[in-house]
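Written below as C-alpha cells is the structure these notes are about.
Residue numbering restarts at 1 for every chain, and letters A, B, ... go by the order of the sequence lines. Values reported hereafter were calculated over all heavy atoms of this structure, with side chains retained and with hydrogens, waters and symmetry mates removed. Note that the structure is a prediction, hence the values are computed from the model and not measured.
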2 protein chains.
Amino acid sequence: MALPSGPVTASSDAEAALFDLVDVYDRAYEAAAAELSLSPAQACVLGRLDERRGMGALAEELGCDASNITQIVVRLEALGLVTREPNPRDRRARLVARTPRGDEIYHRFAAAFTFARSAVGRLTPQEQDQLTALLRKALG
Amino acid sequence: MALPSGPVTASSDAEAALFDLVDVYDRAYEAAAAELSLSPAQACVLGRLDERRGMGALAEELGCDASNITQIVVRLEALGLVTREPNPRDRRARLVARTPRGDEIYHRFAAAFTFARSAVGRLTPQEQDQLTALLRKALG
DNA sequence: CACTGATCCTTGATTAACTCAAGCAACGGG
DNA sequence: CCCGTTGCTTGAGTTAATCAAGGATCAGTG
C-alpha cells in the first residue's frame, strides 16, 4: 500500500476532508487493481488504451518519462493484456493496444473500482452538481 | 511522477471532478516533496512525527509493513531529519522523533504544499462548509 | 526463576516504479 | 544524401513495497 499524500496538518475542516477523500480514493484504486493482480500503474496505463496509441502519447499524457512507459507496457505485454504493433506510418513508433483479454481485465477492474461511483451515488443529483461546481471552482 | 489513479472512464461529471481533484492533489504533494528533495513517502512519515512515536505505530497508521517503515526511517535518519532513540520502557522498541532540522524541512514542505490551502481558499467560507459536508456525505 | 509465546523491529531477497543518460533507428528538411 | 530531430529502448541506479525469517525483549505462567 502506497503511503498517503498527507496530511499536512490541515488548517481547516475542508482541507481535512479533501485529504480524506484523496486518501480513500487512492487506496480504493490500489485495492481494485490488486484484485486483478495489477499494479496501480498497470491499471492506469490499461485505462488509457480505449484507443490504440503510441508510447510517447502515453508518456506525455501521464507526465512521466518514456522509458517508464516502456517498462510498464513490456510487463502488460508479458501478461498478454496489450500488444505493441508497428506503426505503418512511422517505423520508429509503436502502437499499443489492449488485447481482448486486456479489455476483459480492464472492464473487471473498472467494475471493481466502485469508490468514485458509490461516493457520488450517496449524493442527490442536486448535490452532485453542487459538488462538481465546488470542485471545479476550487481547482481554479 | 507517480502515474495518476484513474481515470476509469467517468460516468458522471462529479466522478470526473473527483478524479481531477485527486490527480492534481497527488501531483502537488509530490512536487512539494521534490522541492525539498524528499520522496512522497519520506514527506508522509516526517509529517506523522509531530510527536515522537514507535515504528509499529507508524506502520499501523500508514497501513504498511513495519519493514517498509524501517527502510524509510533509516533514510530519513541518514539525512539527519529524524532520530531513533531507544524506548526506555521497552528495549525492543525505538522512538522516532524529528530533529530540529527535520522540523525545519517539514515546515518548509508544509509551506510548499499549497494546493489544499489555495484550493479551499478559492471558495467562500459558506462554500467551504458546503464542500466539507458534501465530501463527508460522499465518503459515507 | 525458568519457560513459552507474543511483540517489536531489522535483515535479506525480490519485484515494480521511476528517473536519467545514452544509444539506435527512422523520419524529414535542406 | 546529410543532419538534426523524433520515438523508443536499454542500462544503471534509487526508492518503495512486500514477504519470510530471525534476534531481542517482554509478559504471563507454572
Report the distance from atom CZ of A/R48 to atom CG of B/L3, rounding to the nearest 0.5 Å. 8.5 Å
How would you list, by chain and number, every residue that makes a salt bridge (charged side-chain N to carboxylate O under 4.0 Å, His left out) with B/E60, sequence neighbours excluded? none
Got more than 12 heavy atoms from elsewhere within 6.0 Å of CZ, A/R101? no
Find which nucleotide of DNA chain D each of A/L3 and A/A93 is nearest to by heavy atoms, and output the residue with the more 5' nucleotide. A/A93
Before we go on, tell me: are the rings of A/Y25 and B/Y25 under 6.0 Å apart, centre to centre? no
Supply the atom-to-atom distance A/L139 CG to B/R122 CZ, rounded to the nearest 0.5 angstrom. 7.5 Å
Contact class for A/A59 (heavy atom, under 4.0 Å): base, sugar-phosphate, or nothing? nothing
In whole angstrom, give the distance that lies between atom CZ of A/R52 and atom C1' of D/dG7. 17 Å
Send over the distance from B/R53 CZ to C/dC8 P, rounded to a whole Å. 14 Å
Under 6.0 Å between ring centres: does that hold for B/Y29 and A/F19? no
Does a side-chain N or O from A/R94 land closer than 4.0 Å to OP1 or OP2 of D/dT9, or not? yes
Check nucleotides 10-13 of chain D against the protein and report each pair of N or O atoms closer than 3.5 Å, with its distance, or say if there are none.
none

How would you label the contact of B/I69 with the nucleic acid (heavy atoms, under 4.0 Å): base, sugar-phosphate, or nothing? nothing
Nearest heavy atom decides the nucleotide; on that basis, is B/D90 or A/C64 closer to the 5' end of DNA chain C? B/D90
For B/R75 and D/dT14, is the shortest distance between a side-chain N/O and OP1 or OP2 below 4.0 Å? no
Starting from P on C/dA16, measure out to CG on A/L79 and report it in whole angstrom. 9 Å
From C/dC8, C/dA17, D/dT5, nucleotide with atom closest to A/R92 side chain: D/dT5
Atom pair distance, as rounded to whole Å: CZ in A/R91 and P in D/dG7: 16 Å
In whole angstrom, give the distance that lies between atom CD of A/E77 and atom P of D/dT9. 9 Å
A/N87 CG - D/dT6 P separation (whole Å): 17 Å
In whole angstroms, the gap separating C1' of D/dA16 from CG of B/L62 amounts to 13 Å
Reported NZ-to-CG distance for the pair A/K137 and A/L134, which is rounded to 0.5 angstrom: 8.0 Å
For B/N68 and C/dT15, give me the distance from atom CG to atom P, rounded to whole Å. 17 Å
